[in-house]
Structures are given as structure tokens and as C-alpha cells.
A.B. asks: 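One structure coming up, written as C-alpha cells, with questions to follow.
Every number for a ligand or one of its atoms is a count from 1 in the order of the listing. Fair warning: this is a prediction, and the values are worked out from it, not measured in the lab.
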Amino acid sequence: MTTSIKILRTVGQVRAWQKQCFFNKETVGFVPTMGALHQGHTYLVNQSLKENDRTIVSIFVNPSQFAPHEDLDAYPRTIDHDLQALESLDRPVDALFLPKVSEMFPSGIVLDVAKQKGAFVNGVSTIVTKLLNVIQPTNAYFGQKDAQQCVVVKNLVKDLLIDTTIRVCPTLREPNGLAMSSRNAYLSQEAKDQCSIIYKGLCAGRDYYEEEIKSGKPVSAAAVADVIREVFSSMPKEWNLEYIAVSHPESLEDLNEIESGVGATVSTAVRVPKSDGSGTARLIDNVQLNG
Ligand SMILES: Nc1ncnc2c1ncn2[C@@H]1O[C@H](COP(=O)(O)OP(=O)(O)OP(=O)(O)O)[C@@H](O)[C@H]1O
Ligand SMILES: CC(C)(CO)[C@@H](O)C(=O)[O-]
Ligand code: BAL
């Protein structure tokens with residue numbers, strides 16, 4: 001496909017592009033993705049276009065953040081569609097970084113990491129650090145949908161003294177409330193309709209909290225989770241609720257009580273059978289309880 005977007009495939013090409021921006025005193029916005037772009041992604045890209053002189057997007061399905069037997073091979077790869085989506089914005093992005101695995105992991109991937117607990121956190125921290133090192137953006141854009149990822153990335157930028165501002169954008173949703181996700185492509189329309197129960201449950205938990213906190217006393221995290229579990233009890237029985245977590249909004253440590261002035265992040269993951277029968281799609285979502 002022909003495109004006006006500069007396609008960069010090597011670290012060397014990105015560094016040369018970045019140096020030119022730096023030389024011109026232009027700010028650089030960066031949106032890391034794994035492709036299969038949807039409106040959640042284009043929201044982040046539009047935000048970057050608004051706030052920076054130049055915008056670069058990366059598409060890299062990062063093997064090091066998939067657990068063994070997860071959907072690395074099946075993960076949707078739709079590069080022609082993605083290029084079209086980036087071309088048809090009000091202003092096209094300036095550059096697209098499309099590295100091969102060998103470019104990002106020249107010494108290979110330590111696959112044992114994927115067997116350890118916390119593989120996702122390690123995998124995301126490593127790839128985001130590498131990408132920020134290569135691109136050295138002024139601002140980098142992430143979606144609130146991946147709440148754990150936002151916390152991990154904010155902490156790593158702080159701890160490693162990386163000179164990039166992390167901008168977190170709200171979760172974009174389908175009209176029925178389902179959070180947009182590349183993995184929704186695994187589901188039939190009927191399943192997507194049923195999936196509205198995920199956000200409904202989270203909202204019921206948030207409504208309960210907002211009512212209870214008016215008393216001025218801390219609210220029990222278990223009680224919030226129970227309200228959500230009650231809504232989730234009408235999920236189809238073949239679905240698998242992995243967890244409901246009520247966590248501190250900054251550290252993501254589990255909370256027993258939610259205090260006003262602090263609030264919480266309430267997150268969940270649900271495995272829903274894929275419509276082609278080839279396994280399950282893991283859907284995640286979260287809401288914020290205001291402090
Ligand atoms: N619905 C959404 N609203 C806002 N941002 C989103 C949304 N979905 C994804 N993003 C953000 O886009 C960036 C790239 O995410 P990614 O390419 O993994 O897409 P994804 O749809 O989250 O994929 P999947 O859900 O299959 O993991 C991340 O910062 C992610 O938080
Ligand atoms: C940030 C990211 C691109 C790192 O691979 C990925 O975790 C994602 O798409 O959210
Ligand atoms: N969007 C979060 C990264 C992942 O799906 O692995």
C-alpha cells in the first residue's frame with residue numbers, strides 16, 4: 001500500500017527521524033500500540049496530534065508480554081487497515097514505527113520471563129522502556145482501559161528518570177458500554193451485546209460506592225466487589241470471571257477500605273468464548289472511584 005506516512009522499520013531510522021525533530025525544536029508525541037487499530041487508539045493519536053508538533057505511532061505485537069499459550073500467534077494483525085485508519089485522520093501522523101521482533105530484541109527474548117508471575121508487567125516495562133529510549137518523545141499516550149499498564153509505565157518513567165510526560169486518555173466504549181479492544185474482533189455481535197454486562201457491573205459498584213461514601217465513612221472494598229459480583233451472576237455460565245480487584249489508584253495495591261480523598265480503581269478481567277470456538281478472549285475493563 002502506498003502512503004504519505006513515513007514508515008520506519010529500524011531503530012537507526014527512528015533515531016535519525018527523532019534527531020531531525022529535535023534539531024527543528026519540534027515536540028514529539030508517541031502512541032505505542034499492538035495494531036488492529038480502533039477508535040480507542042485513534043483517540044490517543046488525535047490527542048497527540050493536538051498536543052505535539054510531530055506524532056509517531058508504533059505497531060509492534062510484543063511477544064514478551066504474552067504468557068505461554070496466550071494468543072500471540074492469533075493476535076489480529078491488520079496493517080493495511082491500520083495504515084488506512086492513520087491516513088484518514090484530520091491530519092495524518094508523521095511516522096509509523098514497524099519494527100521486526102529481531103529489531104527490538106537483537107539478543108533474542110528471554111522466554112523464561114513469560115513463565116514467571118508478573119510476565120505481563122515485565123514484558124510491558126521492557127518494551128515501553130526500549131520504545132521510549134529509541135523515540136525519546138516529549139509526550140507518550142496510553143489508554144485508561146489498561147489501568148495496570150498506566151501505573152507501571154508512570155512508575156518506570158519516574159524511577160528511570162525518563163524525560164517523557166505520560167498522558168492517560170479515557171476509555172472509549174461501544175454504544176452498549178463495552179470497552180473498545182482489538183480482542184473484541186474475536187466476538188460475534190451477540191457476544192458483544194452480552195458483554196455490556198461487564199461495564200454495567202462496574203458501574204453498579206461505582207454507584208454503590210458513591211451512595212455509601214456520602215456517610216463520610218470509608219467504604220468496604222468487599223462490599224463494592226459483592227455488588228459487581230451480583231450483576232455478573234447473570235453472565236453466561238461458560239464465561240470465566242478471572243477477578244474483581246479494588247485497588248489503590250496509584251500503587252494498585254489491594255484495598256480493604258476505600259477512603260474519601262484517595263478513591264480506588266476497580267478492575268476486572270473476564271474470559272469469553274471466541275465466536276469461532278478456538279478458545280477465549282480475555283476482556284479487561286475498569287472504573288475509577290473518586291476520592
Ligand atoms: N477502548 C480504549 N480506549 C482508550 N484507549 C484504549 C482503548 N483500547 C486500547 N487503548 C489503548 O491503546 C493503546 C494500545 O493498546 P493495544 O494495541 O493493546 O489495544 P487494545 O485494544 O488494548 O488491545 P487488547 O485489548 O486486545 O489488548 C494502549 O495504551 C491502550 O490502553
Ligand atoms: C503499550 C504496549 C504497546 C506495549 O507493547 C501494549 O501493552 C499495548 O498495546 O497496550
Ligand atoms: N492492551 C494491553 C496489552 C495486551 O493486550 O497484552
A.B. asks: Nearest 0.5 Å, please: how far is OH in Y141 from CD1 in I166?
C.D. replies: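 The CD1 atom of I166 sits 10.0 Å away from the OH atom of Y141.
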
A.B. asks: Output the list of atoms in ligand 2 that are nearer than 4.0 Å to some heavy atom of Q149, sorted by atom number.
C.D. replies: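 Those atoms are 1 (C), 6 (C), 7 (O), 8 (C), 10 (O).
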
A.B. asks: Is the shortest distance from a Lys or Arg side-chain nitrogen in R282 or D71 to a carboxylate oxygen in the other one below 4.0 Å?
C.D. replies: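 Between D71 and R282 there is no salt bridge, as every charged N stays at least 4.0 Å from the carboxylate O atoms.
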
A.B. asks: Given G35, C169, A281, S181, identify the one with the heavy atom nearest to atom 25 (O) of ligand 1.
C.D. replies: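 Ranked by closest heavy atom to atom 25 (O) of ligand 1, first place is S181.
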
A.B. asks: I'd like to check whether D146 has a polar contact with ligand 2, where a contact means an N/O of the residue lying under 3.5 Å from an N/O of the ligand.
C.D. replies: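 Min N/O separation from ligand 2 is not below 3.5 Å for D146.
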
A.B. asks: Please enumerate all residues that pass side chain to side chain donor-acceptor pair (under 3.5 Å) together with Q47, with sequence neighbours excluded.
C.D. replies: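 In terms of side chain to side chain donor-acceptor pair (under 3.5 Å), with neighbours along the sequence ignored, Q47 is linked to E51.
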
A.B. asks: By number and element, which atoms of ligand 1 are closer than 4.0 Å to a non-hydrogen atom of M34?
C.D. replies: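 Going through ligand 1 atom by atom, the ones under 4.0 Å from M34 are 17 (O), 18 (O).
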
A.B. asks: May I ask you to identify, for Y75, whether its side chain, its backbone, both or neither come under 4.0 Å of ligand 1 on a heavy-atom basis?
C.D. replies: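 It is the side chain that touches ligand 1; the backbone stays farther off.
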
A.B. asks: When rounded to the nearest 0.5 angstrom, what is the spacing between CG in L37 and CE in M180?
C.D. replies: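 One finds 12.5 Å between CG of L37 and CE of M180.
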
A.B. asks: Going by distance alone, is a donor N or O of one side chain under 3.5 Å from an acceptor N or O of the other, for T138 and T27?
C.D. replies: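 Note: T138 and T27 side chains miss the donor-acceptor criterion.
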
A.B. asks: Which bit of R173 gets closer than 4.0 Å to ligand 1, counting heavy atoms only: side chain, backbone, both or neither?
C.D. replies: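 For R173, no heavy atom sits under 4.0 Å from ligand 1.
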
A.B. asks: What atoms of ligand 2 come within less than 4.0 Å of a heavy atom belonging to I127?
C.D. replies: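 Listed by number with element: 4 (C), 5 (O).
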
A.B. asks: Does Q65, backbone or side chain, put an N or O under 3.5 Å from an N or O of ligand 2?
C.D. replies: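 Yes, Q65 has an N/O under 3.5 Å of an N/O on ligand 2.
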
A.B. asks: Could you tell me whether S182 and ligand 1 have an N or O pair separated by under 3.5 Å?
C.D. replies: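 N/O-N/O distance under 3.5 Å: yes.
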
A.B. asks: Which of the atoms in ligand 2, numbered in the order shown and given with their element, are less than 4.0 Å from a heavy-atom of P32?
C.D. replies: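 This gives 3 (C) as the contact atoms.
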
A.B. asks: Apart from V151 itself, what residues make up its hydrophobic cluster, given side-chain heavy atom links below 4.5 Å?
C.D. replies: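 V151 shares its hydrophobic cluster with L252.
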
A.B. asks: Quick one about D163 and Q136 (side-chain donor to acceptor, distance below 3.5 Å, no hydrogens or angles considered), yes or no?
C.D. replies: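 No, D163 and Q136 have no side-chain donor paired with an acceptor closer than 3.5 Å.
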
A.B. asks: Can you sort out which atoms of ligand 1 are near F142, meaning under 4.0 Å from one of its heavy atoms?
C.D. replies: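 Every atom of ligand 1 under 4.0 Å from some heavy atom of F142: 29 (O).
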
A.B. asks: Check step by step if side-chain contact (heavy atoms from CB on, under 4.5 Å) holds for V266 and Y209.
C.D. replies: CA-CA 11 Å; V266 182; Y209 164 79; over 6 Å; no

A.B. asks: Just one of E242, E70, E238 clears the salt bridge (charged side-chain N to carboxylate O under 4.0 Å, His left out) bar with R271, so which one?
C.D. replies: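 Answer after filtering E242, E70, E238: E242.
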
A.B. asks: Within a distance under 4.0 Å of any heavy atom of M180, pick out the atoms of ligand 1 and give their elements.
C.D. replies: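 Ligand 1 atoms under the 4.0 Å threshold to M180: 1 (N), 2 (C), 7 (C), 8 (N).
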
A.B. asks: Using a strict cut-off of less than 4.0 Å between a Lys/Arg side-chain nitrogen and an Asp/Glu carboxylate oxygen, indicate whether K192 and E174 qualify as a salt bridge.
C.D. replies: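 Looking at K192 and E174, the cut-off is not met.
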
A.B. asks: For ligand 1, which is the ligand I care about here, please tell me if Y141 has any N or O atom under 3.5 Å from one of the ligand's N or O atoms.
C.D. replies: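 No, there is no polar N/O contact under 3.5 Å.
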
A.B. asks: Below 4.0 angstrom from a heavy atom of L44, which ligand 1 atoms are there? Numbered from 1 as shown, please.
C.D. replies: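 Those qualifying, in numeric order: 11 (C), 12 (O), 13 (C), 29 (O).
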
A.B. asks: Is there a polar contact between ligand 1 and H41, counting only N or O atoms under 3.5 Å apart?
C.D. replies: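 Min N/O separation from ligand 1 is below 3.5 Å for H41.
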
A.B. asks: Report the part of K145 in contact with ligand 1, treating N, CA, C, O as backbone and CB onward as side chain, heavy atoms under 4.0 Å; options are side chain, backbone, both, neither.
C.D. replies: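 The answer is the side chain.
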
A.B. asks: Looking only at distance, does G143 have an N or O less than 3.5 Å from an N or O of ligand 1?
C.D. replies: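 Right, the criterion is met.
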
A.B. asks: Number the atoms of ligand 1 from 1 as they appear, then name those within less than 4.0 Å of a heavy atom of Q149, with their elements.
C.D. replies: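 In order of numbering, the contacting atoms are 28 (C), 29 (O).
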
A.B. asks: With a 4.0 Å cut-off on heavy atoms, is P170 touching ligand 1?
C.D. replies: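 A heavy atom of P170 does come that close to ligand 1.
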
A.B. asks: Using a heavy-atom cut-off of under 4.0 Å, does the side chain or the backbone of T33 touch ligand 2, or both, or neither?
C.D. replies: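 T33 to ligand 2: backbone contact only, side chain stays beyond 4.0 Å.
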
A.B. asks: Within a 6.0 Å radius of atom CD on Q189, are there more than 12 heavy atoms belonging to other residues, nucleotides or ligands?
C.D. replies: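 Result for CD/Q189: enclosed.
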
A.B. asks: Should P32 be counted as touching ligand 1, given the test is an N or O pair under 3.5 Å?
C.D. replies: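 P32 vs ligand 1: no N/O contact under 3.5 Å.
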
A.B. asks: Is the side chain of S220 donor-acceptor paired with the backbone N or O of A223 at a distance under 3.5 Å, no angle test?
C.D. replies: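 Judged by distance alone, yes, a pair lies under 3.5 Å.
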
A.B. asks: Using distance alone, determine whether D146 and ligand 1 share an N or O pair under 3.5 Å.
C.D. replies: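 Among all N and O atoms of D146, at least one is under 3.5 Å from an N or O of ligand 1.
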
A.B. asks: Would K130 and F105 count as a cation-pi pair here, with the cationic atom under 6.0 angstrom from the ring centre and within 45° of the axis?
C.D. replies: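 Satisfied, under 6.0 Å and within 45°.
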
A.B. asks: Check each heavy atom of Q39 against ligand 1 and say whether those closer than 4.0 Å belong to the side chain, the backbone, both or neither.
C.D. replies: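 Looking at Q39 and ligand 1, no heavy atom falls under 4.0 Å.
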
A.B. asks: Rounded to the nearest 0.5 Å, how far does CG of L96 lie from CD of E87?
C.D. replies: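 If I round to the nearest 0.5 Å, the distance is 10.0 Å.
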
